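Fair warning: this is a prediction, and the values are worked out from it, not measured in the lab.
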Amino acid sequence: AMKHLPYFCRGEVVKGFGRGSKELGIPTANFSEQVVESFPSDISTGIYYGWACVGNGDVHKMVLSIGWNPFYKNTKKSVETHIIHTFKEDFYGEILSIVIIGYIRPEKNFDSLEALISAIQEDIEEAKRQLDLPEHLKLKEDNFFHLPERKIVNNH
């Protein structure tokens with residue numbers, strides 16, 4: 001799982017299955033299929049941790065799932081990022097920049113939604129612990145997170 005890490009990735013946030021926030025209370029940002037297809041094909045499915053940044057915003061800790069979501073029996077691979085931060089509004093259409101740093105566990109199926117939620121909560125705690133390590137903290141400052149300035153077009 002580790003030979004591609006750290007893995008830098010940037011793409012537009014698209015509407016996913018709408019399950020993360022509603023069913024799980026754990027909102028995730030989904031990348032478009034093109035971005036998912038650009039991932040190394042041999043990167044292991046499972047749960048990872050790293051840093052994430054929306055647009056030119058602050059860099060936050062995140063947990064990421066790569067895979068088929070066995071619990072939901074998806075037919076397409078998805079890459080979903082849960083940013084460990086509370087956002088006031090959706091950010092569909094924004095650019096999400098992530099750096100995947102480490103691997104937490106393989107994907108697995110769960111007998112119940114409760115079991116899935118509690119596993120995700122554990123993943124989040126593990127990610128927080130790992131990302132506080134000095135060697136991981138330094139990637140938070142990576143220039144990758146500074147998008148080139150572009151004119152903000154206001155449509156309102």
Worksheet item: Any idea which heavy atoms bring P6 and V99 closest together, and the distance?
Response: CB-CG1, 3.8 Å
Discussion item. With heavy-atom distances below 4.5 Å as the criterion, would you say the side chains of I26 and Q121 are in contact?
Written reply: yes
Item to complete: Please report the C-alpha distance between R10 and F8 in whole Å, then the side-chain angles of each, then the deciding distance to 0.1 Å, and finally whether the side-chain contact (heavy atoms from CB on, under 4.5 Å) criterion is met.
Response: CA-CA 7 Å; R10 173 177 289 144; F8 293 77; over 6 Å; no
Item to complete: Could you tell me the separation between the CG atom of N109 and the CG atom of L116, rounded to the nearest 0.5 Å?
Response: 9.0 Å
Discussion item. I'd like to check E12 versus S32 (side-chain heavy atoms, cut-off strictly below 4.5 Å). Are they in contact?
Written reply: no
Worksheet item: Are L64 and Y103 connected in the hydrophobic side-chain network, where two residues link if heavy atoms are under 4.5 Å apart?
Response: yes
Item to complete: For H85, check side-chain contact (heavy atoms from CB on, under 4.5 Å) against everything at least two apart and list the hits.
Response: H60, I83, F87
Fill in: Contacts of type side-chain contact (heavy atoms from CB on, under 4.5 Å), residue R129, not counting sequence neighbours
E125, E126
Worksheet, complete the sentence: For T45, the side chain to side chain donor-acceptor pair (under 3.5 Å) test, sequence neighbours excluded, returns none
Discussion item. Using side-chain heavy atoms (C-beta onward) and a distance below 4.5 Å, is K77 in contact with I66?
Written reply: yes
Worksheet item: Any side-chain heavy-atom pair from V13 and F31 closer than 4.5 angstrom?
Response: no
Fill in: Side-chain heavy atoms of K128 within contact of I84, under 4.5 Å
yes
Fill in: Closest approach of C9 to V35 (non-hydrogen atoms, all atoms of both residues)
SG-CG1, 3.5 Å
Fill in: Side chain proximity check, F145 to L139, heavy atoms < 4.5 angstrom
no
Practice prompt. Decide salt bridge (charged side-chain N to carboxylate O under 4.0 Å, His left out) for D132 and K61; before the verdict, give the C-alpha distance in whole Å, the side-chain angles of both, and the deciding distance to 0.1 Å.
Written response: CA-CA 9 Å; D132 281 337; K61 296 175 178 180; 2.7 Å; yes
Discussion item. Assess the residue pair Y48 and T81 against the criterion (side-chain contact (heavy atoms from CB on, under 4.5 Å)); give the C-alpha distance rounded to whole Å, side-chain angles, the decisive distance to 0.1 Å, and a yes or no.
Written reply: CA-CA 9 Å; Y48 292 79; T81 305; over 6 Å; no
Discussion item. With a 4.5 Å cut-off on side-chain heavy atoms, are Y92 and E94 touching?
Written reply: no
Discussion item. According to side-chain contact (heavy atoms from CB on, under 4.5 Å), who are the partners of E141, at least two apart in sequence or on a separate chain?
Written reply: none
Discussion item. Counting C-beta onward and ignoring hydrogens, is there a side-chain heavy-atom pair between I120 and V63 closer than 4.5 Å?
Written reply: no
Fill in: Aromatic plane relationship, F39 with Y7 - under 30° parallel, 30 to 60° tilted, over 60° perpendicular
tilted
Response to the item:
Output for pair (S97 OG, D142 CG), nearest 0.5 Å, gives 10.5 Å
Discussion item. So, taking the atom named CZ in R105 and the one named CG in D123, what distance separates them when rounded to the nearest 0.5 Å?
Written reply: 4.0 Å
Worksheet item: About how many Å separate CG of N30 and OG of S65, when rounded to the nearest 0.5 Å?
Response: 9.0 Å
Practice prompt. Not counting sequence neighbours, which residues clear side-chain contact (heavy atoms from CB on, under 4.5 Å) with E135? List them please.
Written response: L133, K138
Worksheet item: In Å and rounded to the nearest 0.5 Å, what is the CE to NE2 distance from M62 to H82?
Response: 11.0 Å
Fill in: Summary of salt bridge (Lys or Arg N to Asp or Glu O under 4.0 Å) pairs that have at least one residue in residues 39-54, sequence neighbours excluded
K3-D42
Discussion item. Taking side-chain contact (heavy atoms from CB on, under 4.5 Å) as the criterion, tell me which of I100, I101, I98 meets it with W51.
Written reply: I101
Discussion item. Please give me the minimum heavy-atom distance between Q130 and H136, naming the atom from each residue.
Written reply: O-CD2, 2.9 Å
Worksheet entry | Distance (rounded to the nearest 0.5 Å) between C53 SG and L96 CG | 8.0 Å
